[in-house]
Structures are given as structure tokens and as C-alpha cells.
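Here's the structure, in C-alpha cells; my notes come after.
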Amino acid sequence: MDTFIKPFSAIRMTDVPEVGGKNASLGEMISGLQDKGIRVPDGFATTAAAFRYFLDVNQLASPLQTLLQTLNRRDYSNLAAIGNAARNMILTATFPDDLRQAILAAYQQLSGDTPAAVAVRSSATAEDMPQASFAGQHESFLNIQGPAALIAAVQRCYASLYTDRAIKYREDNHYEHSKVALCAGIQQMVRADLACSGVGFTLEPESGFRDIVLLTGIWGLGENIVQGAVVPDEFYVFKPSLYQNKQAIVQRKKGSKAQMLIYGDTTTTTNIATPPYKQAQYVLSDEEVMQLARWAIDIERHYQCPMDIEWAKDGISGKLYLIQARPETIHSRQRPQLVTSYQLERKGHCIVSGEAIGDQVASGIARVLASPADGARLKAGEIIITTNTSPDWDPLLKKAAAIVTDSGGRTSHAAIVAREQGVPAITGTQQGTAVIQDGQAITVSCCEGKTGFVYEEAIPFEKKTFDYSQVKMPEGTAAMLIISDPEKAFRLALLPNDGVGLLRMEFIITHAIGIHPMALVKYDALRDLAAKEKIASLTADYRNKEQFFIDRLAEGIATIAAAFYPKDVIVRMSDFKTNEYRQLLGGKEFEPREENPMLGFRGASRYYHPLYQQGFELECAAVKRVRNDMGLTNVKTMIPFCRTVEEGRKVLQVMSSCGLKQGEDGLEVYVMAEIPSNVLDAAQFAAIFDGFSIGSNDLTQLTLGIDRDSGLIANLFNEEDPAAMRMISMMLQNAKKAGAKIGLCGQAPSDIPAFASFLVEHGIDSISFNPDALLKGIENIRNAEAGQSIPHPPLTVPS
């Protein structure tokens with residue numbers, strides 16, 4: 001029996017050649033991680049020796065080798081025929097009686113007097129390695145019960161070593177077929193059909209960012225999530241916050257979860273429509289998310305590499321289990337500082353959008369395929385458009401320039417294969433197969449954040465590769481980023497940087513919330529019934545409408561703060577103008593019409609005013625949650641358009657009453673220097689704020705008397721105008737005299753080397769750049785620090 005069977009409790013990772021990668025990992029978790037409280041269903045494995053014995057008894061080794069030698073390795077045109085013949089050899093063979101008895105004896109010991117339901121999973125001796133995952137190449141069988149069904153399932157596992165996809169995968173990864181053995185893992189069944197299941201990564205799978213655990217989940221059995229049949233819930237957990245026992249979920253996204261896979265009878269499964277009330281719920285509580293994340297981190301530490309896990313919740317006991325763990329195979333092999341960026345030369349007409357997988361761009365002919373059986377229509381370099389994919393698609397996916405699916409998420413089969421193949425994919429488009437025409441020229445863009453777009457036509461794009469390990473940061477002047485979109489945060493954090501000098505809150509409010517905060521505060525009193533109905537729909541999960549704003553804003557800020565932790569992330573409180581606030585849902589009831597909004601009710605003046613103070617308090621509540629509950633104390637705040645020192649005091653008082661007290665837990669509050677009064681009264685502003693950030697656009701506007709919104713005089717706007725430069729020079733000198741920190745946010749220091757030299761010579765502490773200007777900005781700062789200054793007009797301030 002010991003030759004053919006090994007219990008999980010006796011298996012370690014060193015046993016991969018004997019029991020396969022999947023079984024070795026299960027045994028390793030049971031033996032090495034139980035003291036961490038990690039639950040793994042018990043079971044046993046059949047060995048490689050058992051598989052080879054099966055082949056020897058039936059004299060199949062030589063015929064299989066001969067058959068595979070006839071494989072057409074040029075175009076794999078006979079792959080299906082070869083695979084079918086190989087599987088038939090296995091399935092029609094006689095199952096050796098002594099092997100049968102060994103398996104049934106172990107099964108009886110596992111289940112006791114009543115035959116237990118088990119999962120029978122294939123585990124190949126070359127799978128789950130860091131260089132090749134073999135994910136989904138072989139078959140698994142669920143809810144197997146009774147001796148006859150168990151033996152049949154093991155034999156079907158043996159046959160799955162020769163699925164078309166597995167044969168092609170071994171060919172592509174240069175594994176010799178005869179040297180790979182198939183072992184079966186027989187594992188106690190977790191009744192996820194009555195609860196939920198999912199997968200996870202111990203890094204952010206698009207960027208490779210290491211401080212995130214991504215968990216995804218669906219109702220019912222996990223096959224739907226792997227096949228991409230449904231759009232799952234997503235949870236992003238920040239590891240350092242988890243270490244501090246803080247509320248570590250920095251972002252959550254509810255999936256549609258339209259279907260759930262359950263058992264149709266004892267051995268078959270069927271998809272049913274998910275009840276609407278379940279679709280509206282997250283599959284896991286916050287406590288369960290963080291428990292799984294802790295387990296994932298423990299596993300990563302144990303294996304000493306990023307991991308890909310599968311989890312399931314038992315609907316009878318209510319307990320969570322880990323049912324698989326394997327090394328992550330994409331980012332673990334990459335050099336994180338060697339980054340290739342893509343940029344479209346222009347935007348096109350968007351046909352459909354979904355979850356962006358990767359950060360690449362591809363153009364080509366769209367090929368709408370219903371199933372792998374349509375594969376003959378696909379030519380190399382075309383773009384597959386389909387409902388969802390399964391491992392049966394793998395030979396076709398290797399020919400495609402990109403993949404677009406109606407369903408699925410970041411952990412679906414299509415997403416995993418796209419990452420392995422290094423091609424862009426967009427999942428969860430909902431209607432890609434309906435609106436993209438077969439044969440249509442399209443562009444698949446995944447370079448614009450976590451949302452991917454399919455555009456009409458083949459749009460030219462630029463591809464650049466940078467080795468950031470060669471970039472030397474400035475020594476005396478911090479080079480920081482200007483950011484607004486949380487979706488881009490994890491990728492942007494890979495750039496050389498000293499943190500975020502300006503996080504524009506407005507983007508999060510517009511894209512993640514879309515509702516005027518006062519329309520949530522005064523929801524019950526809204527007169528615009530159409531707007532009220534839309535707000536009700538968007539906030540259906542929230543009885544307290546204000547909490548919707550707080551949660552969404554907090555998650556957007558936290559995502560960026562986590563990406564750059566522990567570097568400073570300076571969040572500018574909202575700086576919409578009244579005409580911009582009116583565009584938010586419900587905004588028309590709360591915003592006055594102004595002739596010149598640029599100089600009107602904006603910035604600090606709103607924060608203590610009765611018309612908006614309650615809205616500002618929601619902003620403060622979101623920042624407080626990020627800092628206090630999530631532990632992201634690298635978040636600092638900044639007040640825009642503060643006209644007077646007295647106004648600054650009023651704002652600080654409101655913040656303090658909301659629990660954002662300057663100085664507590666390192667909270668710093670900066671002020672924008674964008675009004676001449678900020679320059680002239682810099683010493684007084686420095687007495688109440690922790691520092692300044694020069695807003696050169698507004699300061700130039702108010703120095704020259706130019707409305708930036710006026711196209712008639714736009715040609716007069718010039719940040720290099722001597723008067724504007726003199727104002728900046730005064731601001732820098734006054735801040736230095738007051739001993740206050742001072743930075744600048746804007747494009748000019750990257751576009752104009754002389755401007756960067758001017759700022760460095762005046763001792764500026766930091767300069768913040770848009771991401772596309774960062775590298776040029778760093779170069780300009782370094783040149784200025786090295787004394788390679790660019791001539792500029794002498795700008796001295798009369799004493």
C-alpha cells in the first residue's frame with residue numbers, strides 16, 4: 001500500500017516527484033501550517049508509482065509514446081485525434097485489482113463506516129512549479145461518493161494527462177511526455193455548493209505589487225470562477241495594515257455573480273441563476289476576508305515566494321478551508337524594475353469595456369468564437385472574442401494577440417492564461433460578443449488603468465521599455481507624483497519616486513461616487529425625484545447614504561496610500577468649482593450659479609460654510625478612516641484655495657472636530673500656495689499649517705489676472721512670465737524664512753529645464769510631476785543639483 005498511497009499528513013513539498021505538485025502542496029500545508037490555524041481538508045494521494053504500475057499492467061507506456069511521436073508539431077493539426085486516442089487507451093484499460101484495493105482501503109480509513117463525499121483532483125509530477133503552473137490542464141471530479149465512483153474518477157484523472165490542452169502545454173514548456181506521471185488527490189469534500197468559493201493571490205496580479213493580497217469569490221463551486229463564467233467579488237487586502245491588526249481591506253468590488261454552480265445530483269453539477277438577494281451581497285464578511293488574507297500571508301512566508309491559492313467555505317459547518325496553494329508563475333519570474341509602457345497615439349470610439357488584464361495594447365482582427373470547435377477560423381495574431389474560456393481553449397489562446405470575454409474577472413482562466421502568454425485581455429465586458437463584429441479591426445487597450453477598453457479600428461500605439469534600476473533619484477529635492485486614479489496606483493508605485501505630492505480627490509468623487517455629498521446628507525429632502533431614484537439605485541446597499549460616500553472615497557484614497565506606503569501621500573481635499581459640483585448627481589440643488597466659478601465658492605471657503613460643511617465632514621471621515629482604521633498614517637492632507645489665515649483656522653477647527661487633529665499620529669496639514677495672499681502672508685500661514693505646495697497654475701492666473709477658463713485670453717497664460725516667476729520666488733524665500741516645507745506641483749519643471757533649475761536653486765523641498773513627466777523631471781532636478789543650471793532671468797525679491 002505504501003508504494004501506491006500516501007496520506008496527506010505524510011507528504012511534504014520534497015515529494016513532488018512521487019505525488020505531484022498539487023498533492024505535495026496539500027500535504028505541506030497540512031503538516032507545516034496547521035499550527036497557524038489554517039484548515040485544509042484531509043485526504044490521501046495515489047503515487048507516480050501507482051500510475052506507472054497502471055501503465056505497466058496494461059502495457060500502455062510504449063503505445064502512448066509511439067502515438068505521441070506522430071503529433072504534428074508544426075501546426076498541431078492532429079492534436080485532437082492524438083489526444084482522443086491516448087485518453088481512450090487509458091479509459092478502456094483494466095484497473096489493477098491490487099491498486100484498487102489500496103485506494104479503497106485508504107478511502108475507508110478517511111471516511112469511516114459511511115462512504116464520504118470526496119474531491120478527486122489530478123496532480124502531475126511536473127505541475128505547480130514556479131516556472132509553469134499547469135493550472136487547469138488536467139481534470140478534477142467533485143462530490144465523488146462510494147468505491148465504484150472513486151475508482152472511475154481516478155481512472156478518468158489518469159486519462160486527463162492526455163487532454164489536448166495538457167499535451168500542448170507540455171510541448172510548449174518542453175516537458176517530455178513519458179517523464180510526467182499523473183497522481184490523484186482524494187480529498188474530503190467542502191460543500192461550497194451550499195456557500196461560496198474563490199481564488200487569491202499574495203500579490204496584485206496586474207502589477208506584481210507585493211504588499212497586496214487579492215481575494216476573489218463567487219457563490220457555489222469554484223469552477224465558475226476559474227472558467228470565467230461569472231464576474232466575482234474582489235477584495236484587496238493591504239498586508240502592512242493586516243500586520244497591525246487594522247481594517248486592512250483597502251478596496252472591494254462587488255461582482256455580478258449571475259450564476260452559481262451546484263450539484264444537480266450526487267455526481268453532476270449544474271449552473272443556476274443566482275438569487276438577486278445573493279447577487280447583491282458580498283460572498284464574504286470583512287472578518288472572513290481578513291482571515292483568508294492572513295492564511296495567504298502565512299502560506300507565502302512558508303513557501304518563501306508569491307502564491308496562488310484556492311479557498312472554499314463549507315455551507316454546512318460555515319468554516320473556511322484552503323483547498324490548494326501553488327507558486328505564482330508570472331511576476332515571480334520578472335524583473336520588477338524593467339517596465340514596458342504602452343501609450344495610444346489617440347483615443348478611439350469605445351465599443352465595450354471591462355477588467356483590464358495586464359497593461360499592454362494590441363490591435364488586430366476580431367474573431368468571435370462560440371467554442372474551441374470554431375478554432376479553425378482563428379488566424380495567428382487575431383483577437384479572440386468569446387463568452388468565457390476554459391482550459392480547452394489553451395491551444396487557441398496561444399495564437400491570439402489578445403482575449404476579450406463577456407464574463408469572468410481577474411482570476412478567471414482567460415486572465416491567468418493571458419498573463420502567462422504576455423498578451424492583453426479584457427474580461428467581464430458583459431456584451432463583447434454582441435457588439436464586436438467578427439472580422440472587425442479593433443484595438444484592445446489595457447494601458448489605461450484597471451479598466452480595459454476595446455476601440456474601433458487599429459489605433460497606433462507607442463511601446464517603451466525602461467530599466468528603472470538605472471534611474472538615480474535626486475539627493476536634495478524629493479521627486480514626487482501627481483495622481484488621481486486609484487486604478488493606476490500599483491503600477492505607478494513601481495516608478496522611481498519619493499511619494500505622492502498631490503492626490504487629487506476630485507477624480508475619485510467623480511468616478512467612484514458620482515453623487516454630490518450634500519445630496520447624500522440631505523437625501524430624504526431631495527426635490528429632484530429622478531436624481532433621487534438614481535441615487536437610491538447606486539446606494540442600494542446603504543441605509544445610511546452618507547456612508548456610501550465615506551466608504552468609496554476612503555477606498556480610493558487607501559488604494560493609493562497603500563501603493564506608496566510608507567512614503568507620504570498628500571491628499572488635497574476637494575477642489576471642485578461650483579459649476580463642476582453641479583455636474584454631480586443631485587448637485588443642482590446645492591450649488592449656486594456663479595459668473596466666475598474660478599474665483600468663487602471653492603476650496604477652503606466651502607469647508608466651514610453652511611452650504612457645504614457637512615459635505616466636507618464626509619471627506620474628513622473618509623480620511624480619518626484611512627488613517628485610523630486602516631493604519632495608513634502616511635496620508636497627509638492639504639487645503640486648497642485658502643484665502644486668509646483666519647479661513648485656515650476655521651478649516652482646521654472643522655477638521656479637528658471630525659477627528660483629524662493636526663499633529664495626532666503624525667497628521668500634517670499643508671496649504672496650497674496659489675493666491676498672492678498666501679505669498680504675502682506666508683509667515684502667518686506657516687504658523688498654522690505644516691507646509692506649502694505651490695499651485696503654479698492658479699498663482700499665475702491670479703498674478704496676471706487671467707481666467708484659465710477663458711479661451712479668449714488663454715494665449716496670455718505663461719508660468720514663465722517674470723511677474724509669475726517673481727511671485728514663486730517670493731513664496732520660496734518666505735517659506736524658507738518661516739522654516740516651513742515647500743513643494744510645487746506642475747508640468748513646468750519637466751517641460752522647462754530652466755524652471756527646474758530655478759526651483760532647485762531656491763531650495764525647494766519637493767517637486768511633484770504627472771507620471772508621464774516624472775523621468776524627465778528627475779533628470780532636470782539632478783542636472784540642477786549637479787550645478788548644470790539653465791540660465792533664467794535673475795529673480796530677487798527687494799528687501
Side-chain angles (χ1 to χ4, degrees), residues 341 343 462 464 466 471-484 492 495-502 504 570 572 640 672-676 678-679 692-711 713-736 741-797:
S341 68
Q343 186 168 2
E462 186 178 25
K464 292 181 180 179
F466 300 97
V471 176
K472 292 184 178 180
M473 294 297 289
E475 295 179 3
T477 309
M480 305 179 82
L481 279 161
I482 300 170
I483 291 184
S484 57
L492 293 178
L495 296 170
N497 70 85
D498 291 311
V500 177
L502 173 59
R504 291 190 177 110
I570 301 175
R572 185 180 68 188
M672 293 292 293
E674 52 193 344
I675 306 170
N678 303 142
V679 179
F692 300 92
S693 178
I694 299 171
S696 56
N697 285 339
D698 269 328
L699 191 54
T700 300
Q701 167 183 243
L702 295 173
T703 300
L704 300 180
I706 293 172
D707 181 354
R708 287 193 288 127
D709 284 347
S710 173
I713 54 174
N715 61 308
L716 297 175
F717 186 88
N718 178 16
E719 286 176 292
E720 289 187 281
D721 183 274
M725 295 286 280
R726 190 177 299 279
M727 192 66 74
I728 293 173
S729 175
M730 290 173 62
M731 185 67 234
L732 288 164
Q733 292 185 47
N734 290 345
K736 288 298 173 184
K741 299 177 186 176
I742 185 162
L744 181 142
C745 302
Q747 194 74 13
S750 60
D751 291 346
I752 309 166
F755 198 95
S757 293
F758 161 72
L759 295 173
V760 171
E761 287 173 21
H762 281 70
I764 197 161
D765 295 302
S766 65
I767 305 175
S768 299
F769 304 94
N770 289 313
D772 60 351
L774 177 66
L775 294 182
K776 183 61 178 174
I778 290 173
E779 180 185 348
N780 289 345
I781 294 173
R782 282 185 52 80
N783 287 340
E785 289 184 344
Q788 301 173 28
S789 60
I790 310 297
H792 52 76
L795 296 168
T796 58
V797 183

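Owing to the predicted nature of the structure, the values given are computational and were not obtained by experimental measurement.
- From Phe692, atom CZ reaches atom CD1 of Ile764 across 12.5 Å, with rounding to the nearest 0.5 Å.
- Here the side chain of Asp765 pairs no donor or acceptor atom with the backbone of Gly743 at under 3.5 angstrom.
- You'll find the side chain of Ile781 stays beyond 4.5 Å of the side chain of Pro749, heavy atoms only.
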- Query: Would Arg782 and Glu779 count as a side chain to side chain contact (heavy atoms under 4.5 Å, CB included) if you check the C-alpha gap in whole Å, the side-chain angles of each, and the deciding distance to 0.1 Å?
  - Reply: CA-CA 5 Å; Arg782 282 185 52 80; Glu779 180 185 348; 5.9 Å; no
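- In this structure, Met672 and Pro640 approach most closely via the heavy-atom pair CG-CA, 3.6 Å.
- Distance alone, capped at 3.5 Å, places no donor-acceptor pair between the Asp498 side chain and the Met480 backbone.
- With a 4.5 Å cut-off on side-chain heavy atoms, Asn780 and Val760 do not count as touching.
- The shortest heavy-atom contact between Ala735 and Ile742 is CB-CD1, 3.8 Å.
- Of all heavy-atom pairs spanning Asn678 and Met731, the tightest one is O-SD, 3.8 Å.
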- side chain to side chain contact (heavy atoms under 4.5 Å, CB included) evaluation trace for Ser729 with Gln733: CA-CA 6 Å; Ser729 175; Gln733 292 185 47; 3.2 Å; yes
- Message: Does Leu492 form a side chain to side chain contact (heavy atoms under 4.5 Å, CB included) with Asn497? I'd like the steps, not just the answer.
- Response: CA-CA 9 Å; Leu492 293 178; Asn497 70 85; over 6 Å; no
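- Within the 4.5 Å cutoff, the side chain of Ile728 has heavy atoms near those of the Phe755 side chain.
- Side-chain atoms of Ile483 and Arg504, non-hydrogen and from C-beta on, never get closer than 4.5 Å to each other.
- Considering only heavy atoms from C-beta on, Pro722 stays 4.5 Å or farther from Arg726 through its side chain.
- Minimum interatomic distance between Val471 and Pro496 (heavy atoms only, all atoms of both residues): CG1-CG, 3.8 Å.
- Of all heavy-atom pairs between Cys745 and Ser693, the closest is SG-OG, 3.3 Å.
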- Item | CA sep, side-chain torsions, deciding dist, call: Asp707, Gln701, side chain to side chain contact (heavy atoms under 4.5 Å, CB included) | CA-CA 6 Å; Asp707 181 354; Gln701 167 183 243; 3.9 Å; yes
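- Of the residues Leu704, Thr703, Asp698, Leu702, the one that meets the side-chain contact (heavy atoms from CB on, under 4.5 Å) test with Thr700 is Leu704.
- Residues Val500 and Ser768 fail the side-chain proximity criterion, which asks for heavy atoms closer than 4.5 Å.
- Here the side chain of Glu785 pairs a donor or acceptor atom with the backbone of Gly476 at under 3.5 angstrom.
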